Amino acid sequence: PLGSSFEVEDEFLEIIGIRREQSGMYECSASNDVSTADVRKVKVTVNYPPHIPDARNIGVPLGHKGSLQCRALAVPSANYEWYRQDGRLMHGEKGVKIENKGTISTLTFFNVSEEDYGNYTCVAVNKMGNSSASIILYSSTSASYSPWNGFASFEVVSLG
């Protein structure tokens, strides 16, 4: 790409084992002793299958809103699917919202119940392949408001 330099004495530049980092604008300059150089730019796009670099588990208290996020790097852009043990989740089904924006897919629960806790699978797909990640929605303690000291966290302790 621009910033790198290759010298060839042919009309072709062959890049063997191209990597996704080599996407970008390439500039070709042809010159001889007769006239000034002729310069052309070419955009190179490297297609590659989805890669999910970081999927994080999230803790949400009962009755609260919670969101699982799945980010995939892919060219062309990935399409997303969400699954649970009982099958694929669809937008609007079981009180969930699925929203895809750019490289991120978000699965949102508006009122988390006991049945919502568990393991979810995000699958990112494009024409080059697919990738999946497991994300756990788990129960966590809530923050409650106290007029004496602002927000304070609490946890329920079982005695006996």
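Remember, predicted model here, so these are calculated numbers, not experimental data.
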TODO: Take atom CZ of Arg20 as the centre, draw a 6.0 Å sphere, and report whether it contains more than 12 heavy atoms from other residues, nucleotides or ligands.
DONE: yes

The side chain to side chain contact (heavy atoms under 4.5 Å, CB included) partners of Ser29 (sequence neighbours excluded) come to Ala37, Val39

Q) Distance only, no hydrogens: is a donor on one side chain within 3.5 Å (strictly under) of an acceptor on the other, for Trp82 and Thr121? A) no

CG of Asn130 to CG of Asn79, rounded to nearest 0.5 Å, is 11.5 Å

Fill in: Polar contact flag, side-chain donor to acceptor under 3.5 angstrom, Arg88-Tyr83
no

Discussion item. Under the criterion side-chain contact (heavy atoms from CB on, under 4.5 Å), I'd like the reasoning laid out for Phe109 against Ser67: C-alpha separation, chi angles, the key distance, then a yes or no.
Written reply: CA-CA 6 Å; Phe109 302 84; Ser67 295; over 6 Å; no

So SG of Cys70 and CZ of Arg56: to nearest 0.5 Å the spacing works out to 13.0 Å

Value for SG (Cys122) from CG (Leu89), rounded to nearest 0.5 Å, stands at 11.0 Å

In short, Gly17 meets Gln22 closest at the heavy-atom pair O-OE1, 4.2 Å

**OP:** Go through Thr106 and Ile98 one step at a time and tell me if the side-chain contact (heavy atoms from CB on, under 4.5 Å) criterion holds.
**Re:** CA-CA 6 Å; Thr106 305; Ile98 297 173; over 6 Å; no

Taking every heavy atom of Arg84 against every heavy atom of Gly118, the minimum-distance pair comes out as NH2-CA, 4.0 Å

Exercise. Does a side-chain heavy-atom distance below 4.5 Å link Arg71 with Asp54?
Worked result: yes

Going by atom type alone, with no hydrogens or angles, which donor-acceptor pairs under 3.5 Å involve a side-chain atom of residues 43-52 and a protein atom two or more places apart or on another chain?
none

Nearest heavy-atom approach of Tyr80 to Ser105 is CG-CB, 3.3 Å

Is the backbone of Gly59 close enough, under 3.5 Å, to the side chain of Tyr117 for a donor and an acceptor to pair up by distance? no

- Message: For residues Leu137 and Val96: do they belong to one hydrophobic cluster (side chain heavy atoms under 4.5 Å, members Ile, Leu, Val, Met, Phe, Trp, Tyr)?
- Response: yes

Report task. I would like to know whether Leu68 and Ile58 meet side-chain contact (heavy atoms from CB on, under 4.5 Å); could you show each step before the answer? Result -> CA-CA 7 Å; Leu68 303 180; Ile58 183 167; 2.9 Å; yes

Kindly determine whether Val112 and Lys65 satisfy side-chain contact (heavy atoms from CB on, under 4.5 Å), including the steps that lead there. CA-CA 6 Å; Val112 172; Lys65 180 179 177 180; over 6 Å; no

Excluding Tyr138, membership of its hydrophobic cluster (Ile, Leu, Val, Met, Phe, Trp, Tyr; side-chain heavy atoms within less than 4.5 Å) reads Ile136

Correct closest heavy-atom pair for Ile135 and Gln69 would be CD1-O, 3.4 Å

Query raised in the report: Does one hydrophobic cluster hold both Val60 and Leu62, with members joined at side-chain heavy-atom distances below 4.5 Å?
Result: yes

